[in-house]
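Some notes on the structure that comes next.
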Amino acid sequence: MRNILVTGAFGQIGSELIPALQQRYGAEHIVVSDIRMVPLQAQVPAPVGAEQNYEQVDCTQPQQILEAVRRHDIDTIYHLAALLSAVAEERPHLAWSINMGGLYNVLEAARQYRCRVFFPSSIGAFGPSTPRDHTPQVTIQRPTTMYGVTKASGELLCDYYAARFGLDVRGLRLPGLVSYVAPPGGGTTDYAVEIFYQALRYKHYRCFLGPATRLDMMYMPDAIRAMIELMAADGGRLRHRNAYNVTAMSISPEDLAGEIRKHIPGFAIDYQVDPVRQAIADSWPRSLDDSVAREDWGWAPRFDLASMSADMLARLAQKVTGPGGIGPQGLDPKGS
Ligand code: AKB
């Protein structure tokens with residue numbers, strides 16, 4: 001094997017993907033890249049080994065990607081650098097530049113150096129005219145957000161590079177991801193992470209989505225495993241490379257609050273709906289059908305709502321309230 005480049009590595013996914021890749025393939029084979037410097041500007045501690053195998057890469061700059069791929073003898077790229085849905089809606093031009101421009105540059109580098117590529121699509125690649133329940137693998141995709149436009153277009157661009165240039169490009173339509181390691185930034189599903197921090201700190205959370213807003217979610221360990229398993233799968237069995245529906249649970253804020261209350265009696269949730277994020281959520285599926293991923297490469301989640309919540313609370317308890325914990329200072333006490 002040669003080496004693996006991860007772009008946007010200091011984000012929510014990268015912070016857990018990097019250690020998993022290092023463990024599976026050896027730290028010396030994993031090249032960590034982000035627009036942020038390591039480790040000073042990273043929001044989270046840089047993954048182990050990041051100092052050695054680090055490249056500062058702005059994906060909108062084609063030369064920077066080409067250089068990183070050439071210098072490190074890269075044969076696989078996990079392209080994670082992207083803006084999430086809410087921030088993309090605030091800054092649509094920047095979102096197009098980063099999400100589409102970045103992907104194009106990565107695919108071009110992959111074409112020139114014959115790399116395999118992983119592309120994270122999203123439930124955001126669907127829109128209000130998509131069937132919202134048990135959303136099929138192949139269905140209407142007319143997203144109404146800039147994030148969704150970049151994800152649906154990204155899937156098509158990946159398919160184009162696969163068909164036209166024979167590139168091995170694979171992707172997942174990821175649901176909201178819940179993680180205790182690094183916070184998400186600017187997504188519509190971020191409430192499902194914030195709620196755990198605020199439950200432990202204040203026994204109270206003010207949610208920016210309405211109580212019954214049902215969306216697909218997944219615990220990060222399952223998501224990391226899905227990415228690695230998809231990239232390791234026998235390519236001959238993959239019928240829909242860009243991109244596979246995957247999910248672990250379909251839940252609403254009131255479901256999640258009810259589950260947390262089993263561990264933190266007295267936990268209270270109230271609602272101050274953000275119209276922008278609510279409109280985005282209302283345009284997305286309520287539940288994906290991921291049976292094609294299960295058939296083609298054996299996908300199966302290991303965490304459901306109960307096991308995810310128990311694990312999140314146990315792991316976050318130490319981080320938030322334990323010795324050396326970050327505590328409530330500096331946080332919005334209303335949890336909004
Ligand atoms: C977001 O909310 O923007 C992301 C996603 C579902 O793609 N978490």
Side-chain angles (χ1 to χ4, degrees), residues 8 11-17 43 78-92 94-96 98-100 102-103 118-128 130 132 135 141 143-155 158 171-197 207-210 213-224 226-227 242-253 256 273-288 290 293 301 308 312:
Q12 191 200 17
I13 298 177
S15 303
E16 292 184 59
L17 180 64
Q43 285 175 352
Y78 284 79
H79 176 48
L80 306 181
L83 294 190
L84 290 182
S85 55
V87 80
E89 223 30 49
E90 251 169 50
R91 309 184 70 184
L94 185 65
W96 179 264
I98 293 176
N99 293 13
M100 283 312 289
L103 176 63
F118 172 79
F119 168 65
S121 187
S122 160
I123 52 173
F126 298 113
T130 301
R132 292 194 70 200
T135 305
Q141 285 184 265
T144 48
T145 63
M146 179 49 95
Y147 180 69
V149 168
T150 66
K151 289 301 180 186
S153 311
E155 290 183 13
C158 289
L172 297 174
R173 293 187 186 126
L174 292 168
L177 298 179
V178 177
S179 151
Y180 58 88
V181 175
T188 302
T189 57
D190 292 7
Y191 89 83
V193 178
E194 293 172 5
I195 193 171
F196 286 100
Y197 283 87
C207 188
F208 57 77
L209 295 181
T213 310
R214 183 165 294 282
L215 293 168
D216 287 284
M217 298 282 173
M218 188 182 289
Y219 200 28
M220 190 62 89
D222 274 337
I224 300 299
M227 290 174 219
N242 297 289
Y244 278 98
N245 285 3
V246 283
T247 184
M249 62 197 89
S250 161
I251 58 168
S252 66
L256 190 46
V273 169
D274 167 9
V276 174
R277 283 183 284 190
Q278 186 66 52
I280 295 174
D282 290 343
S283 76
W284 288 355
R286 281 186 285 257
S287 67
L288 294 189
D290 63 1
M308 174 186 80
M312 271 296 277

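If you're wondering where the values come from, they're calculated on a predicted model, not measured in any experiment. When a ligand or atom number is given, it counts from 1 through the structure's own listing order.
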Mind listing the N or O contacts between ligand 1 and protein, cut-off under 3.5 Å?
{"from": "ligand 1", "atom 1": "2 (O)", "to": "S85", "atom 2": "OG", "distance (Å)": "3.4"}
{"from": "ligand 1", "atom 1": "2 (O)", "to": "T188", "atom 2": "N", "distance (Å)": "2.7"}
{"from": "ligand 1", "atom 1": "2 (O)", "to": "T189", "atom 2": "N", "distance (Å)": "3.1"}
{"from": "ligand 1", "atom 1": "2 (O)", "to": "T189", "atom 2": "OG1", "distance (Å)": "3.2"}
{"from": "ligand 1", "atom 1": "3 (O)", "to": "S85", "atom 2": "N", "distance (Å)": "3.0"}
{"from": "ligand 1", "atom 1": "3 (O)", "to": "S85", "atom 2": "OG", "distance (Å)": "2.5"}
{"from": "ligand 1", "atom 1": "7 (O)", "to": "S122", "atom 2": "OG", "distance (Å)": "2.6"}
{"from": "ligand 1", "atom 1": "7 (O)", "to": "Y147", "atom 2": "OH", "distance (Å)": "2.6"}
{"from": "ligand 1", "atom 1": "8 (N)", "to": "T189", "atom 2": "OG1", "distance (Å)": "2.9"}

State, yes or no, whether a side-chain contact exists between C207 and V273 at a heavy-atom distance under 4.5 Å. no

Report the C-alpha distance between S85 and T145 in whole Å, list the side-chain angles of each, state the deciding distance to 0.1 Å, and finish with yes or no for side-chain hydrogen bond (donor to acceptor under 3.5 Å, both in side chains). CA-CA 8 Å; S85 55; T145 63; over 6 Å; no

What orientation do F208 and Y191 show, parallel under 30°, tilted 30 to 60°, or perpendicular over 60°? perpendicular

Given side-chain hydrogen bond (donor to acceptor under 3.5 Å, both in side chains), test Q278 with D274 step by step and report yes or no. CA-CA 6 Å; Q278 186 66 52; D274 167 9; over 6 Å; no

Give the C-alpha distance, both sets of side-chain angles, the deciding distance and a yes or no for salt bridge (charged side-chain N to carboxylate O under 4.0 Å, His left out) between R173 and E155. CA-CA 9 Å; R173 293 187 186 126; E155 290 183 13; 2.8 Å; yes

Hits for side chain to side chain contact (heavy atoms under 4.5 Å, CB included) against S250, two or more places apart or cross-chain, chain-then-number order -> R214, D216, S287

